[in-house]
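Step one of this worksheet: look at the structure below.
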Amino acid sequence: MNLLRNGRTRVRQSIVSLGIGLLLAVALSPMPARAGAVGISPLSLEYVDALRGSTVVQTLQLSNEPSDGDSGTLSYALSAKGEIASWMTFLPLEGLKPLSKLEVPESKQAFVRVVIAVPAGSANRTYTGEVFIEGTTVGVAAKPGSVGVGTAQNVPVTVKVGGVERREAAVEDFSVDKSEVGLKQRFTAKIQNTGNVAVASELEVIISRDGKEVTTLSTKGQNFPVFPSVSDSVFAEWDTSEQLGGAYEAVFKVTDVAGLTPKVLGTNTLPFRLEPRGTFTRSGEFTTFELLEKPVQGDAVYAEGGFLNAGKIPTNAVLDSKVYFKDKLMKAVQSLPRTVRPGQTGKIGVLFNAVDAGPYTIKAAFNYDGEVTDERELKFEVVKGKGGVASSAKSGGSSNGALLAVGGVGGLAVVSGAVLFLRRRRRR
Amino acid sequence: MEGGFVNTIRRMRLGRCWTLVGGVALLGLALVGPPALAADPPPSGAAANVGGNATAPRIECAWALNDSDKTWASAPKMQYGLDDTPSATPGSPCQASGEEAAMPSTVTAPLIHVKPNAHDEPTEQYVELWGAVDTATDNPVVYFDVYHPDGTKKTQIDATKYASEANQGSGCTGPAGMFAAAVSTGQLTSTAASNIQVECATQSKQLWYGAFGISKHQPWGLYRVTLTAAASGGQESQLTFSIYVQPFSNLEKDFTTINFGNVGANRHIQTTSGNFNFESSNQAGNQLFSVRNTGNAGIALGVRFASLCRDSFADGPIECTDSKRIDHFDAKFGVGDSTNLQSLGNVSLALSIPSDLSSSAKPAPLGAEVQFDSSYGRTLCPNDVGKMEFSIWTETVPGDGYSAVTGVQVVGRANPICITDNYDGHAGAPYTANRGTPQFGNPITPISNSHWPAN
């Protein structure tokens, strides 16, 4: 900065001597002052047969796919424009909290649901607008004293509003998850909405054993909307800790309660088994281990691991990690437990504050229902002060996590575990 | 993996004499040069008889899965999960009742949506194709034919039996997460997935798979896939479905800031000329301005400018008034060569591009977007590099430093006139296979599926 000030002083002196000159911005920032790329798919959104008063949804994918050595987390800002700007809301893929910004780590992508609430008084015609998406690289935006350059993308939106309500939906799948005594057993109905108004789905499951009703599960009062042109699930979970293992039967009934008169979308009866404790083998793999952002000294460090449930039943996975600074154990950090369903990979992370500068190592393993995966190791170097140059880091084991980190070390404060994964509910 | 041509010969060996004669002729063609794929005959339809009278295998279901984390090149390779439009599903066309799973012979809704990887990095986007085939006949020949949106053939993939007799039981669950992803993407009901695994374990069904890559140099749109299962010495059956390759853009630039240098008042100052060489992305200090699109769909560009405010004044709502800012600009942009450069606003100060003149805030907001035209010379097709230049009109501002955190914004918008947009780009004709010479080779060159890891 001294160099910058000195430079300006010299130039201003020359300006004064010339009397007419002026100095325009010069990029003298000691770090790359970047304003990121924008990766968008698809490039337009079209909502056909949208009923006035209804809500329709489509999905945008925002990606951070750097090339040629560029790196860093991208921050996307979304805004709605045009005559239907007030109709638009942006939601994450899961959850109902509107967003206008989101961050996408390097080499990752994120989904945004573009929700259109068509006003009840809209005339039948085609309306247009756009989603305007601006991308900037987190923490390394252009500095004052320069003319920074950013990127953005327009995504045109077309909404064809019609006037005839079509309340059409069907249950395409009923299922009962495998489970054993002591675990929750999930009963799911998957609904496809082929109409043009949202379905408010409600599931009732009557569970019986040897012809006698054991319990009734219901999602009444819960919010399980299924928007037009979308498939989504409604599910109920049974706490089996006080139950006996053996053969059972589940009678499903799915109802759309959105209209004046509830409409049954489908019924089915499925036999199922609740197995004794310990029946199913657990199997899990520690697939990836990486830092999602470049921490700056004093900032939080978030390390995320991927846990693949290769077993037969859902399992609760916890990321147990130990943080070392200069090869000295500083802190044990544990994530909150997260249920990972069979065949799925759960991203589970730990978060701590880095106060001091120097080399860090995180050694971690997943603990799932008493089993433990192989341990992985994550090494990264942190330099002092904000705005330092990022340096590469290595991930041990077979993890493919590429790490970048800047910042500092010191006392380590556990901030949270898997809280970033709190969701309204898991729909798939 | 055997080539498609090998399968053809295998089928021919078992066929009638006239088929054998034809096979010999095709073999001759193959020996003198045409690639195996070119020599492979197109599918002959569901009713085709490739020889003999053995009952055709029954294809119960087919499904497709993409690499959800898009990093197929590195461990853990294929990651099953959501597709690229999670809210749209085909409605579980593969369903089961009793001991059988079934699917309509032609499924119109795309089974999955796939977005290729920008710049094809770290690899092309990988797609797995799966089929459950009834094994009433032994040793069927199973293959997938993949077609571009315009109907031309992309590739033929010889399927590999995933659950062999040796591992029929354990192999019937497929790779970890595969069936779960097929269900969650709405292709199979959970009942159907369970049915296929159970029936496979009793050796009455087999799991077959193949894989191929989709490059961002290939056209986006609806790709038709035909799964064919042919009995040895008998008939064949087919199942047709589709996957949707999504359009996408990835707008990149090789610069981060603009340096207009030490200039005087009442001047029209233009930056150093840009170039058509894309240096590494976001190079601080680079003043040879270039932009590119590493997506698979064409985009046109526009620009927005913010007032450059005096450095000696603090941030605030009224610190960037007319006498304290530079607020008129112009820009140039073109693709390919300098003859394609279009200028916006550089004729005169009166016709230049203003920032948001209604605001006196520092930092200043960006003004309205001004767009370059949508002609081919101003369209960034996949991997095209465009050149940009920028100018300022200093007017009577006093001597000082002038800057903005985001003084210029380059804005992309869809402009589907590239070869990968199913559009000729010049004459308005539909996309034609093998036409054009994109920078990174023919966009529809089929790739080998030899990348698939060992079973």
Side-chain angles (χ1 to χ4, degrees), chain A residues 8 11 15 20-27 29 32-35 37-44 57-59 61 63 65-70 93 107 111 113 141-142 144-154 172-173 175 190 192 229-231 287 308 310 342-345 398 400 428, chain B residues 74-76 79 84-87 89 91-92 115 117-119 121 176-177 179-180 184 186 189-190 246-253 255-265 280-282 284-285 294 297 308 311 394 397 399-414:
Chain A
R8 284 180 183 163
V11 174
I15 290 171
I20 58 170
L22 61 146
L23 172 66
L24 284 177
V26 183
S29 172
R34 302 174 317 187
V38 282
I40 309 296
S41 181
L43 297 180
S44 63
V57 181
Q58 290 204 27
T59 309
Q61 184 178 146
S63 57
E65 299 179 89
S67 60
D68 297 336
D70 189 25
L93 190 58
S107 301
F111 295 100
R113 290 183 292 166
S146 67
V147 180
V149 184
T151 46
Q153 178 78 29
N154 263 318
E172 63 184 48
D173 195 15
S175 62
K190 193 167 187 180
Q192 187 178 35
S229 304
V230 167
S231 288
T287 57
L308 169 64
Q344 294 189 341
T345 298
S398 60
N400 67 341
R428 293 180 180 278
Chain B
S74 55
Q79 290 285 283
D84 287 312
T85 298
S87 59
T89 65
S92 300
K115 185 190 82 65
N117 293 339
H119 214 223
E121 290 181 350
F179 273 109
S184 67
T189 63
S190 55
Q246 294 189 169
F248 79 105
S249 66
N250 196 58
L251 175 58
E252 297 184 326
K253 52 187 173 48
F255 59 103
T256 63
T257 54
I258 300 171
N259 177 6
F260 290 99
N262 188 13
V263 302
S280 296
S281 296
N282 286 319
T294 55
L308 309 184
D311 286 346
T394 59
V397 294
D400 200 348
Y402 289 80
S403 64
V405 172
T406 302
V408 182
Q409 188 175 64
V410 181
V411 183
R413 67 183 187 278

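Every chain is numbered from 1, with letters handed out A, B, ... down the list of sequences.
Both the backbone and the side chain of P42(A) have a heavy atom closer than 4.5 Å to some heavy atom of chain B. Neither the backbone nor the side chain of S44(A) comes within contact range of chain B, judged by heavy atoms closer than 4.5 Å. Heavy atoms closer than 4.5 Å to chain B are found in the side chain of Q61(A), but not in its backbone. Using a 4.5 Å cut-off between heavy atoms, A180(B) contacts chain A through its side chain alone, with no backbone atom that close.
Side-chain contact between Q79(B) and T345(A): present, with at least one pair of heavy atoms (C-beta onward) separated by less than 4.5 Å. The closest side-chain heavy-atom distance from V408(B) to V147(A) is below 4.5 Å.
Pairing each heavy atom of Q409(B) with each of A152(A), the nearest pair is CD-CB, 3.6 Å. When all heavy atoms are compared, the tightest approach of P86(B) to T59(A) is CD-CG2, 3.9 Å. F111(A) and D84(B) get closest at one heavy-atom pair: CE2-O, 3.4 Å. When all heavy atoms of K253(B) and T151(A) are compared, the closest pair comes out as CE-CG2, 3.7 Å. The minimum heavy-atom distance between A37(A) and E252(B), with the atom names listed, is CB-CG, 3.9 Å. Among all heavy-atom pairs drawn from G186(B) and E172(A), the shortest one is CA-OE2, 4.3 Å.
To the nearest 0.5 Å, atoms NZ (K115(B)) and OG (S63(A)) are separated by 4.0 Å. Rounding to the nearest 0.5 Å places CG of L43(A) at 9.5 Å from CD of Q246(B). Distance check, rounded to the nearest 0.5 Å: NZ of K190(A) to OG1 of T189(B) gives 10.0 Å.
Contact count versus chain A (heavy atoms, under 4.5 Å) is highest, among G412(B), A414(B), A118(B), G407(B), for G412(B). When each of S92(B), A297(B), S249(B), A176(B) is checked for heavy-atom pairs under 4.5 Å with chain A, S249(B) comes out on top.
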Full working for side-chain contact (heavy atoms from CB on, under 4.5 Å) between Q153(A) and V411(B) = CA-CA 5 Å; Q153(A) 178 78 29; V411(B) 183; 6.0 Å; no

task = Dump the intermediate steps for side-chain contact (heavy atoms from CB on, under 4.5 Å) on V149(A) and T257(B), then the final yes or no.
result = CA-CA 6 Å; V149(A) 184; T257(B) 54; 5.7 Å; no

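For D173(A) (side chain) and S190(B) (main-chain N/O), a donor-acceptor pair under 3.5 Å exists by modelled atom type.
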